[in-house]
4 protein chains.
Amino acid sequence: MRIKDDIKQEALFKATVKLVNEIGFVSSSVSKIANEANVSPATLYVYYKNKEDLLVSTYIDIKQKFSRAVLKNFGNNLPIRDILRNVWFSMFKYASRHPEYFKFTEQFANSPYNSLVNKEEVEKYFDPMINMMQKGIEQKIIKDVNVDLLMAFMFYPIMGLSNARSCKNFEINDDNIETAFTMAWDAIKL
Amino acid sequence: MRIKDDIKQEALFKATVKLVNEIGFVSSSVSKIANEANVSPATLYVYYKNKEDLLVSTYIDIKQKFSRAVLKNFGNNLPIRDILRNVWFSMFKYASRHPEYFKFTEQFANSPYNSLVNKEEVEKYFDPMINMMQKGIEQKIIKDVNVDLLMAFMFYPIMGLSNARSCKNFEINDDNIETAFTMAWDAIKL
Amino acid sequence: MRIKDDIKQEALFKATVKLVNEIGFVSSSVSKIANEANVSPATLYVYYKNKEDLLVSTYIDIKQKFSRAVLKNFGNNLPIRDILRNVWFSMFKYASRHPEYFKFTEQFANSPYNSLVNKEEVEKYFDPMINMMQKGIEQKIIKDVNVDLLMAFMFYPIMGLSNARSCKNFEINDDNIETAFTMAWDAIKL
Amino acid sequence: MRIKDDIKQEALFKATVKLVNEIGFVSSSVSKIANEANVSPATLYVYYKNKEDLLVSTYIDIKQKFSRAVLKNFGNNLPIRDILRNVWFSMFKYASRHPEYFKFTEQFANSPYNSLVNKEEVEKYFDPMINMMQKGIEQKIIKDVNVDLLMAFMFYPIMGLSNARSCKNFEINDDNIETAFTMAWDAIKL
DNA sequence: GATGAATGAGTGTTCATTCAT
DNA sequence: CATGAATGAACACTCATTCAT
């Protein structure tokens, strides 16, 4: 028998991300995706149970890649501000290196498919961040407010700024990221 | 000749928002929307050139309603911080009173339809905000950074916090909004 | 607006029966049926909810036509044997005039679709028959056995004999039908 | 060279019958059948030329099993009526012991596949029955009518009565079979 | 012999849009 | 203006079968 071909699965992943970026969620049909991956539509169903599975799997894949990249130099002993700064930089770097992942993620998160992913599984990747925030609160370094609030000021601005569509005048370079982080830190620090 | 029926147009607007909220962009077909509005699919084409026109118009409509609500008590002579605070509150209030508009907006903005709207037309509603920011910079009240940056810290956190999906533990009430605004202000103030 | 066209529905009915006869239930796809009826597959869905609805409706239609034809000269005052004989003749005549209805019916009844029809609705057409049988039992003309048994000997032989496939040597003419009825009557009479 | 595996063939036979019974002819795909038999779809093609071959072979298999069971105590010297009675009982017993064979047979016989089986080969199993009928005619015990007619009254009622679907009130037990046979005999006896 | 991967051709169904009234 | 009927094109998905191992 033939061996299941990782190349094909990878091609499908890439084709999915690419097409969703280019023509959007709505128009990204199974056959277009398969075509883009140089694979028969029927073959797609060897690797994924159905379209939903394809999209959800792709989303989770991206989230994993992202959290792995962002949190890799995390557990060290620097002061909280420096750790957050590192994370912030990693995120920006990753976002500007893989804007296509970001765009896919945004479309996915704003679609009904989003309700199909096991939130806890995805969110647990970010648990270290939350723990760090809590530690900061205890140490009276960070404002003692709802953690969701802290996260909102730490992450949502990044999403906005990384989105070329909505931020045309903001160039992503080290100086600007530094400035942006200062603002984020001002928002959450005590 | 009968006159185009505003009631029908309004029904179509509401049906579009409702359906996109309930079943998502992908599944919201013209005939379902027409059905929901108790109107024939053919009638929809009396009021809108095509599906794209329907969605784009609905989006612009929402953006207008929003900016009108937010900016209505804007041009007064309060200190900058108070004005921004008012705007911030208006936004939150509007967002929590019309979550369906927010959800529609998010789905739309993350779809290829978004590229079809005349950005300048939409953004001009927010020109007063930008002017205010610039005034704040001149007065050395607000950080002298790229305006996009200021806007990112003023608006994106709201989107995150208003989104019940991503912020389950953050209850929207006056105290919490006040706290959140303080953070936003800390981020941008000099 | 255009008027719904009874001719199209009739064409679909005929096309369904014809195709099921010619290529069988399994191969009779929606598009082939629509094609045969000179109608777009999409149009079929104007008249029927889905394939299941098409087949079930066609089946019920045939059953109705059949029972109407068979029972039309039923409620008269002839002796039971004569009434049954009339019915028997009507059935044979109908079956040989519309073999395509018979074949469709058989394929349908032996398919999983069969479980979707409301049996009671279909069977009520044959209630007069059952009542007659019961009257015959009371009058000591017909054997006092389970009605299902009586029906089995009254109807199943007809199905076999009407089926050109299984009965190649039995010519359907008045003499032969008479003979056959005599046998059926011998089976059930006391 | 390995030897074709009778166990696998048997498993495929059983899976075919089971699936056709459970989900019907239309939905019984090759891969589902292979799956049910715990065998790869490709393996199925080692044992059968194609799907048609699988179904036709299964049908012929069943017919053989059936005729073997029914005719096994046939060639003895009892009176015709007793022999027929034995056959009749055997049939009922077999039918109620193997309803899945019956259901498969009915679906198959009412499908276009049926035209693919060599009728003479199948029918020859029932030649002894036909010979017996002819002997009965010569001996003036059985009505001198077309043999197809005699067979229709001998067999079709059994099919109806064995079909749980169409005969809900007829319980299959020795007394009832006896009664039924009496009716069949009344139908054909002189 | 045995198999999972692979696929072109087809499935039933819905789509955005136009037509005829 | 208003509409249900009509449809070609596309949809997600499954099929029977073959391929490569």
Side-chain angles (χ1 to χ4, degrees), chain A residues 1-6 8-9 26-34 38-55, chain B residues 1-5 8-9 26-35 38-55, chain C residues 1-6 8-9 26-34 38-55, chain D residues 1-5 8-9 26-35 38-55:
Chain A
M1 84 171 176
R2 294 190 208 162
I3 285 300
K4 212 175 198 167
D5 195 345
D6 268 6
K8 285 213 174 75
Q9 181 135 23
V26 182
S27 314
S28 294
S29 71
V30 168
S31 45
K32 283 180 193 158
I33 291 171
N38 283 318
V39 150
S40 158
T43 304
L44 190 149
Y45 288 86
V46 174
Y47 294 88
Y48 299 96
K49 230 171 61 238
N50 49 33
K51 190 186 185 183
E52 177 185 311
D53 185 28
L54 167 68
L55 294 172
Chain B
M1 179 188 88
R2 283 181 246 165
I3 282 299
K4 273 192 195 177
D5 187 346
K8 287 214 173 75
Q9 182 134 22
V26 182
S27 313
S28 293
S29 71
V30 169
S31 31
K32 282 181 194 159
I33 291 171
N35 241 32
N38 285 318
V39 148
S40 159
T43 304
L44 190 149
Y45 285 82
V46 174
Y47 295 88
Y48 299 96
K49 229 172 64 235
N50 50 30
K51 191 186 183 182
E52 178 185 310
D53 184 28
L54 166 69
L55 294 172
Chain C
M1 87 171 173
R2 295 190 209 163
I3 285 300
K4 210 176 201 167
D5 195 346
D6 268 5
K8 285 213 174 72
Q9 181 133 22
V26 182
S27 313
S28 294
S29 71
V30 168
S31 45
K32 283 180 195 159
I33 291 171
N38 284 317
V39 150
S40 156
T43 304
L44 190 149
Y45 287 84
V46 174
Y47 294 88
Y48 299 96
K49 231 173 61 238
N50 50 31
K51 191 187 184 183
E52 177 185 311
D53 185 28
L54 167 69
L55 294 173
Chain D
M1 177 188 91
R2 283 183 243 165
I3 283 301
K4 274 190 193 175
D5 188 345
K8 286 213 174 76
Q9 182 133 24
V26 181
S27 312
S28 293
S29 70
V30 169
S31 31
K32 282 182 194 158
I33 291 170
N35 240 32
N38 284 317
V39 148
S40 160
T43 304
L44 190 148
Y45 285 81
V46 174
Y47 295 88
Y48 299 96
K49 230 171 65 234
N50 50 30
K51 191 186 184 183
E52 178 186 308
D53 184 27
L54 167 69
L55 294 172

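Below, chain A is the first sequence line, B the second, and so on; all start at residue 1.
As a whole-Å value, the separation of D:Tyr48 OH from F:dT17 C1' is 17 Å. Nucleotide F:dC11 holds its P atom 17 Å from the OH atom of C:Tyr45, rounded to whole Å. Taking atom CG on D:Leu44 and atom P on F:dT17, their separation rounds to 9 Å, with Å as the unit. Between the CG atom of A:Asp53 and the C1' atom of F:dA12 there is a distance of 14 Å, rounded to whole Å. Distance B:Asn35 CG to E:dT14 C1': 14 Å, rounded to the nearest Å. Atom CD1 in C:Ile33 sits roughly 16 Å away from atom P in E:dG10 (whole-Å rounding). If you measure from atom NZ of B:Lys49 to atom C1' of E:dT18, you get 16 Å, rounded to the nearest angstrom. Summarising the geometry, the separation between CD on D:Gln9 and P on E:dA2 is reported as 11 Å, rounded to the nearest angstrom.
The nucleotide whose nearest atom lies closest to any side-chain atom of B:Asn50 is, among F:dT17, E:dT17, F:dC11, E:dT17.
The phosphate of E:dA6 (OP1 or OP2) has a side-chain N or O of A:Lys8 nearer than 4.0 angstrom. Applying the 4.0 Å criterion to OP1 and OP2 of F:dA2, one finds that B:Ser40 has every side-chain N and O outside that range. When the side-chain nitrogen and oxygen atoms of A:Lys32 are compared with OP1 and OP2 of F:dC11, one or more of them lie within a distance under 4.0 Å. For C:Tyr47 and F:dA5, the shortest distance from a side-chain N or O to OP1 or OP2 is not below 4.0 Å.
Place C:Ser31 and A:Ala42 on DNA chain E by their nearest nucleotides, and A:Ala42 ends up nearer the 5' end. Taking the nucleotide of DNA chain E with the nearest heavy atom to each of C:Ser28 and B:Ser27, the more 5' of the two is matched to C:Ser28. Residue whose closest nucleotide on DNA chain F sits further toward the 5' end, between C:Val39 and D:Ser29: C:Val39. Between B:Asn38 and A:Glu52, it is B:Asn38 whose nearest contact on DNA chain F lies nearer the 5' terminus.
Here the closest heavy-atom approach between residue C:Val39 and residue C:Thr43 is recorded as CG1-CB, 3.3 Å. Heavy-atom minimum distance, B:Tyr45 versus B:Asn50: CE2-CA, 3.8 Å. Nearest approach of B:Ser31 to B:Pro41, heavy atoms of both residues: CB-CG, 4.1 Å.
Interatomic distance, D:Leu44 CG to D:Lys8 NZ, rounded to the nearest 0.5 Å: 12.0 Å. Note: C:Leu55 CG to C:Tyr48 OH = 9.5 Å, rounded to the nearest 0.5 Å.
Using a 4.0 Å heavy-atom criterion, one finds that A:Thr43 contacts the bases of the nucleic acid, with or without backbone contacts as well. A:Val30 comes within 4.0 angstrom of sugar-phosphate atoms only, judged by non-hydrogen atoms across all strands, and of no base.
Searching all strands for a Watson-Crick or G-U wobble partner of F:dC19 with both distances below 3.5 Å returns E:dG4.
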